[in-house]
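Structure first, commentary second.
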Amino acid sequence: MIYLDNAATTRPCDEAVKAASDAARDTFANASSLHKMGINSEKLINNAKQVILKRLGCEGELLFTSGATESNNLALFGIAEAYKRRGNTIISTAAEHPSVARALDRLEKLGYNVIRLAPKDAPDNFEEYIFNAITPDTILVSCMTVNNEIGYITDTPKLYRMIKRKYPDVIFHTDAVQGFCRILAAGDLISVSAHKVHGFKGIGALYAARGVRFAPMIYGGGQQKNLRSGTEPIELIAAFSAAVEAYPTDNSHYDTLNKLLRDRLSALPNVKINSPRDRGISGILSFSVDGVHSEIMLHFLEEEEIYVSSGSACSKGKVSSVPDAFGISAKDADSTIRVSFSHENTAEDIDKLVNRLEQGIKRFRR
Ligand code: PMP
């Protein structure tokens, strides 16, 4: 099996599996319980927070959520509600994951003025383009760090610095799911997810810088400083932290695989690479095979147990508006294949993928 769909999800690493099973056996108490066992659970959670904060390169608050979908919703709805008296405009991009995009649609319905900027309109200086769109009425800017379909990187540390220098009251949120553990993100609020970094599904986090106020979305027992009620899933948290600790700190393996695949694809007829060379994360490579529908190629690869994605796994057959935001034509979008690596992939995997793609091109482009 050659698994090249790591932007959709990753295999939980051995360290994560062990940490979850150890916690389930030894540290299963409710972190709100006042006895020693409860305190031990609380300690485990606090240690996990420190591990994740350190990897984010941030100091502040970290809330555990059910995943980045919840983190993104909490950030957007939480800020929109907390700052509604200050202004009504939210600036974001046309390339966001549905967990941001659909939340913004809802906020628009609730009366907020939502502006969605497309990277294709300023591919080389998207940060300035977003910054220049800020108006006195703006309360929130939300821009992803790495696009999940194309791998396009926005320099969020630069954008965050620019925003805070001129507009200290504007809140900046970034969905950093696809960049976490690989490139640095920055923001007042940062969303991450465990299952993209070899942890388990069903757990994510929202980082919040000190002093950033936002309204909760889930009400209940008041856990996590009243900002996210619900008993903390200690097994998932333990696994998340173990996965982050085990995650490589060096991107060179991804860079090597990316270059290898790029070079091999460039030599294939009818293949167009969609991911930008200079602003793309090396773990994601998207390309279009002219005239071959994505799903045809996906299943052809699958016959050899090579697993890739057509665009984004999240859209599940639905047409995504993201390719258009990058200037990719509807025809090319229809034949997009997304390959996404993990450190477990090898050069041999790339070799097998390209050989099979070559066969596919010959077969379907007659
Ligand atoms: N944002 C991005 C960029 C993603 O790729 C994903 C996962 N597809 C999410 C958010 C949602 O994360 P989760 O699956 O943890 O809800």
Side-chain angles (χ1 to χ4, degrees), residues 3-12 16 52 56 62-78 92-106 116 119 126 142-154 156 173-185 187 189-207 217-218 228 230 233 236-237 239-241 243-244 247 275 279-281 283-286 307-318 320-323 325-326 336 338-342:
Y3 185 74
L4 291 164
D5 197 14
N6 290 280
T9 199
T10 54
R11 186 181 71 82
I52 295 162
L56 280 167
L62 192 86
L63 299 180
F64 288 109
T65 61
S66 62
T69 297
E70 184 189 328
S71 301
N72 286 337
N73 275 266
L74 178 56
L76 300 177
F77 286 101
S92 188
T93 85
E96 298 297 315
H97 183 267
S99 56
V100 167
R102 298 292 82 76
L104 291 173
D105 292 348
R106 177 71 190 144
R116 299 170 184 83
F126 196 44
S142 178
C143 171
M144 70 202 319
T145 299
V146 175
N147 177 265
N148 52 304
E149 295 191 35
I150 308 292
Y152 177 89
I153 297 173
T154 300
T156 55
H173 163 251
T174 184
D175 170 349
V177 167
Q178 297 289 350
F180 183 44
C181 292
R182 305 224 202 128
I183 61 164
L184 220 51
L189 295 163
I190 304 177
S191 304
V192 292
S193 178
H195 74 96
K196 310 286 184 174
V197 293
H198 299 275
F200 286 109
K201 294 151 199 78
I203 174 103
L206 180 66
Y207 158 78
M217 272 205 329
I218 295 176
R228 204 286 188 177
L236 298 178
I237 291 172
F240 190 2
S241 151
V244 168
Y247 204 94
S275 301
R279 287 186 69 136
I281 194 132
I284 296 178
L285 198 64
S286 159
Y307 299 99
V308 298
S309 169
S310 58
S312 140
C314 314
S315 38
K316 238 197 171 168
K318 274 190 245 148
S320 162
S321 57
V322 170
F326 288 101
T336 293
R338 178 188 69 180
V339 171
S340 47
F341 309 117
S342 116

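Just so you know, these numbers use all the heavy atoms, side chains as well, and skip hydrogens, waters and symmetry mates. Read the numbers this way: they start at 1 and go in the same order the structure lists the ligands and their atoms.
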| field | Distance, nearest 0.5 Å, that separates OG1 of Thr10 from CG of Asp5 | value | 10.5 Å
| note | Interatomic distance, OG1@Thr93 vs CZ@Phe126, rounded to 0.5 Å, equals 5.0 Å
| query | Among Gln178, Lys196, Met144, Glu96, which one has a heavy atom closest to atom 8 (N) of ligand 1? | reply | Lys196
| Of Ile203, Asn147, Ile284, Asp175, which has the heavy atom at the shortest distance from atom 1 (N) of ligand 1? | Asp175
| query | Do Ser193 and Glu70 have side chains that get closer than 4.5 Å, going by heavy atoms? | reply | no
| Side-chain donor-acceptor pair under 3.5 Å between Thr65 and Ser71, yes or no? | yes
| request: Establish, from distance only, whether the side-chain atoms of Glu149 and Ser320 form a donor-acceptor pair under 3.5 Å. | output: yes
| query | What do we get for Thr69 next to ligand 1 when only non-hydrogen atoms under 4.0 Å count, side chain, backbone, both or neither? | reply | both
| remark: Honestly, for Ala68 the part within reach of ligand 1 (heavy atoms, under 4.0 Å) is both
State the atoms of ligand 1, each with its element, that fall below the 4.0 Å cut-off from a heavy-atom position in [X].
X: Ser193; value: 13 (P), 15 (O)
X: Ser99; value: 10 (C)
X: His195; value: 13 (P), 14 (O), 15 (O)

| query | What orientation do His198 and Tyr247 show, parallel under 30°, tilted 30 to 60°, or perpendicular over 60°? | reply | tilted
| task | Would you check whether Glu70 has a nitrogen or oxygen atom less than 3.5 angstrom from a nitrogen or oxygen atom of ligand 1? | result | no
